[in-house]
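Have a look at the structure below, then the notes.
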Amino acid sequence: MSGEELMRMAIRAALDGIREGQSPFGCAIALGGELLACCHNTVLREGDITAHAEINALRQACRVHGHYLLEGAEVATTCEPCPMCMGALHWARVGRVYYGASIADAAQAGFNELRVAARDLVHLGGSRVALIENVLRQECIELFRAWEKSSARQVY
């Protein structure tokens with residue numbers, strides 16, 4: 001499964017989330033060519049500030065995999081992981097993270113981002129997670145526009 005294929009799944013999950021009144025973030029995780037999880041952000045529905053798409057996907061992938069480590073997993077996330085999510089991806093020992101939009105793009109759309117680049121966290125923390133940026137970037141940025149037109153935008 002290519003990074004773009006995985007990202008298209010994450011984008012579909014984000015669109016599902018927007019339709020459900022959630023914010024515009026999606027994440028898909030595969031291991032050994034098998035899709036383990038495809039989730040969107042559920043912070044608003046769950047009332048849980050940690051229910052980011054990446055965290056939701058990690059939780060589901062670990063349940064499906066039967067272990068808390070996802071060594072070598074491929075992850076596609078529609079936006080650059082925040083520090084919390086990047087930390088969790090590191091601790092799960094995923095191999096590669098593809099992302100589309102940047103933290104700056106999310107901040108520009110009105111999200112309260114900690115403007116710390118995932119690449120900086122990986123470097124400073126000595127993580128082995130490989131980051132591949134700008135995967136289907138325009139499609140991922142379009143998610144912010146779709147969200148801005150939705151009723152979910154009114155909550156933020």
Side-chain angles (χ1 to χ4, degrees), residues 1-18 20 22-107 109 111-137 139-141 143-144 147 152:
M1 185 174 312
S2 75
E4 283 193 8
E5 289 172 310
L6 207 53
M7 184 64 79
R8 290 192 192 291
M9 291 179 206
I11 290 168
R12 282 193 297 274
L15 288 168
D16 289 344
I18 292 167
E20 293 175 19
Q22 302 302 304
S23 55
F25 303 96
C27 180
I29 300 176
L31 182 62
E34 176 189 356
L35 182 66
L36 298 179
C38 190
C39 298
H40 59 77
N41 184 303
T42 58
V43 168
L44 298 172
R45 183 178 72 211
E46 304 297 327
D48 176 358
I49 201 63
T50 69
H52 290 195
E54 297 93 336
I55 300 299
N56 290 340
L58 282 166
R59 289 174 178 153
Q60 181 179 333
C62 289
R63 280 192 300 271
V64 170
H65 183 55
H67 200 277
Y68 66 95
L69 297 178
L70 300 169
E71 293 202 45
E74 304 271 320
V75 178
T77 182
T78 59
C79 190
E80 181 176 1
C82 73
M84 174 185 70
C85 292
M86 192 63 243
L89 291 161
H90 163 79
W91 291 318
R93 299 186 187 165
V94 304
R96 188 170 297 151
V97 175
Y98 303 93
Y99 67 89
S102 69
I103 288 173
D105 296 324
F111 289 92
N112 184 27
E113 297 301 313
L114 286 172
R115 295 181 190 192
V116 178
R119 187 161 307 286
D120 291 344
L121 288 173
V122 165
H123 174 74
L124 291 171
S127 180
R128 295 183 181 162
V129 176
L131 295 173
I132 296 87
E133 59 190 33
N134 299 319
V135 177
L136 302 179
R137 184 171 190 270
E139 291 92 331
C140 293
I141 289 172
L143 294 168
F144 294 123
W147 172 75

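Computed from heavy atoms alone, side chains included, the values below leave out hydrogens, waters and symmetry copies. This chain uses plain numbering: 1 for the first residue, then up along the sequence.
In terms of heavy atoms, A28 sits closest to L6 at CB-O, 3.6 Å. The minimum heavy-atom distance between I11 and E139, with the atom names listed, is CD1-CB, 3.8 Å. Residues L69 and H65 share a closest heavy-atom pair of O-CD2, 3.3 Å. A pairwise comparison of heavy atoms in P81 and M86 identifies CB-N, 3.9 Å as the closest pair. Heavy-atom minimum distance, D105 versus R137: OD2-NH2, 2.8 Å. Counting all heavy atoms, side chain and backbone alike, E113 lies closest to A106 at CG-CB, 3.8 Å.
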>> For a side-chain contact (heavy atoms from CB on, under 4.5 Å) check, start with the C-alpha distance between C140 and Y99, then their side-chain angles and the critical distance, and finish with the verdict.
In response: CA-CA 9 Å; C140 293; Y99 67 89; over 6 Å; no
> Hey, mind stepping through V94 and L31 against side-chain contact (heavy atoms from CB on, under 4.5 Å) and telling me if it holds?
Replying inline: CA-CA 9 Å; V94 304; L31 182 62; over 6 Å; no
> Going through the distances and angles, do V97 and V122 end up as a side-chain contact (heavy atoms from CB on, under 4.5 Å)?
Replying inline: CA-CA 11 Å; V97 175; V122 165; over 6 Å; no
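Evaluation of the side chain to side chain donor-acceptor pair (under 3.5 Å) test over residues 2-14, restricted to residues two or more places apart or in two chains, returns S2-E5. Applying the side chain to side chain donor-acceptor pair (under 3.5 Å) test to pairs two or more places apart or on separate chains, those with a residue in residues 74-84 are E54-T77, E74-Y98.
Checked against P24 for a side chain to side chain contact (heavy atoms under 4.5 Å, CB included), the options N41, I141, L143, L15 give a single hit: L143. Of the options D48, I49, I55, T50, a side chain to side chain contact (heavy atoms under 4.5 Å, CB included) to V43 is made by I49 and by none of the others.
Interatomic distance, L44 CG to S23 OG, rounded to the nearest 0.5 Å: 6.0 Å.
For R63, there are no salt bridge (Lys or Arg N to Asp or Glu O under 4.0 Å) partners two or more places apart in sequence or in a different chain.
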